[in-house]
Amino acid sequence: MLCHSVRMADELVHYSVAGGVATITLDSPHNRNALSAQLRRELRDGLTTAVADEAVRVIVLDHTGPVFCAGMDLKEARGAGAADQGVNEFPEILEQIWTSPTPVVAKLAGPARAGGVGIVAAADIAVAVRDATFAFTEVRIGVVPAVISVTVLPRLTPRAAHELFLTGDTFDAERAAEIGLINAAVPAERLDAEVARYVRSLSLGGPNALAATKELLRTERPSTLSAAFADMLELSARFFASEEAQEGITAFAQKRPAAWVPSEPGAG
């Protein structure tokens with residue numbers, strides 16, 4: 001199994017690759033993995049490295065400590081003007097996750113708040129332990145969940161979005177799954193296995209097909225059915241004729257794994 005890691009003593013985000021899976025671990029437990037300037041910079045760099053590596057098939061966002069991410073670092077925000085607020089750098093991170101051609105899985109062994117929930121929503125798959133909690137706490141401190149709304153609102157049911165954005169109330173992982181914020185809420189002892197199951201499933205897809213499918217999921221449909229079908233037919237036919245699809249079709253007929261399937265996909 002190919003495995004390598006990049007780690008410095010004073011870093012707040014660790015990066016490692018094993019079996020085609022890049023694991024990006026937030027490691028700033030002293031401030032509940034808050035999005036400080038250093039953590040934002042290192043997270044952005046880790047995502048850039050993972051997306052650029054053709055050997056990486058899945059990206060897993062993990063964390064140390066009891067909290068996944070508490071949101072923006074309020075100590076840094078205190079006293080700063082609008083132009084100097086760290087939130088100005090946050091859209092780039094959310095966009096990296098949302099538009100990554102490589103599938104992204106968020107693994108939560110603990111709570112997420114505010115900007116941390118935005119990261120969860122930006123990921124393609126999110127799995128949390130049942131006792132993890134979530135909250136859009138912005139209104140409680142007099143700010144607006146504006147930036148994270150771009151990734152969160154496409155996930156949530158409208159009624160839940162109005163309730164939770166406006167009240168700032170805390171909700172549990174099972175409710176998060178019910179309203180579409182996460183995919184699964186599992187017992188703590190099953191978290192690793194559930195993430196590994198999703199990683200394995202994602203590793204079975206063709207890299208180019210996965211990237212195009214992610215783009216498809218982000219694309220607004222044309223206003224008429226005929227125009228929508230025309231766009232989708234062109235995309236479908238192009239991929240059926242592609243080298244990747246031909247390999248997949250051949251592998252299916254020969255009852256063997258496709259060439260892109262890692263021999264030992266990592267579990268994150």
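In this chain, residues are counted from 1 in sequence order. These figures come from a predicted structure and were not determined experimentally.
With sequence neighbours excluded, the residues that form a side chain to side chain contact (heavy atoms under 4.5 Å, CB included) with Val51 are Ile59, Ser100, Pro101. Looking at residues two or more places apart in sequence or on another chain, you find a side chain to side chain contact (heavy atoms under 4.5 Å, CB included) between Ala122 and Leu94, Ile97, Trp98, Thr151. Partners of Pro187 according to the side chain to side chain contact (heavy atoms under 4.5 Å, CB included) rule, which considers only residues two or more places apart in sequence or in another chain, are Arg130, Glu189, Arg190. Taking Phe165 as the reference, Phe136 meet the ring pair (Phe, Tyr, Trp, His ring centres under 6.0 Å) condition, with sequence neighbours excluded. With sequence neighbours excluded, the residues satisfying side-chain hydrogen bond (donor to acceptor under 3.5 Å, both in side chains) with Thr133 are Arg113. Applying the side-chain hydrogen bond (donor to acceptor under 3.5 Å, both in side chains) rule to Thr48 yields the partners Gln96; only residues at least two apart in sequence or on another chain are considered. In this view, Thr224 and Ser226, Ala227 satisfy the side chain to side chain contact (heavy atoms under 4.5 Å, CB included) rule, not counting sequence neighbours.
Between Val139 and Leu166 the shortest side-chain heavy-atom distance does not fall below 4.5 Å. At least one side-chain heavy atom of Arg41 sits under 4.5 Å from a side-chain heavy atom of Gln38. Using a 4.5 Å cut-off on side-chain heavy atoms (C-beta onward), Ser201 and Val199 make no contact. In this structure the side chain of Phe90 reaches within 4.5 angstrom of the side chain of Ile148, judged on heavy atoms. Taking 4.5 Å as the limit, some side-chain heavy atom of Lys107 sits within range of a side-chain heavy atom of Asp192. Using a 4.5 Å heavy-atom threshold, the side chains of Leu26 and Leu61 count as separate. Side chains of Arg238 and Leu235 form a contact here, defined as non-hydrogen atoms less than 4.5 Å apart.
Here salt bridge (charged side-chain N to carboxylate O under 4.0 Å, His left out) pairs that include residues 242-256, with residues two or more places apart or in two chains, are Glu247-Arg256. Residue pairs meeting the ring pair (Phe, Tyr, Trp, His ring centres under 6.0 Å) criterion with at least one member in residues 27-66, sequence neighbours excluded: His63-Phe68. Each salt bridge (charged side-chain N to carboxylate O under 4.0 Å, His left out) pair with one or both residues in residues 137-156, not counting sequence neighbours, appears once here: Arg140-Asp169.
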Under 3.5 Å, which donor-acceptor pairs do the side chains of residues 175-185 form with other protein atoms, sequence neighbours left out?
residue: Arg175; atom: NH1; partner: Glu163; partner atom: OE2; Å: 3.2
residue: Arg175; atom: NH2; partner: Glu163; partner atom: OE1; Å: 2.9
residue: Asn183; atom: OD1; partner: Ala126; partner atom: N; Å: 2.8

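Other cluster members for Val67: none, since no ILVMFWY side-chain heavy atom sits under 4.5 Å from it.
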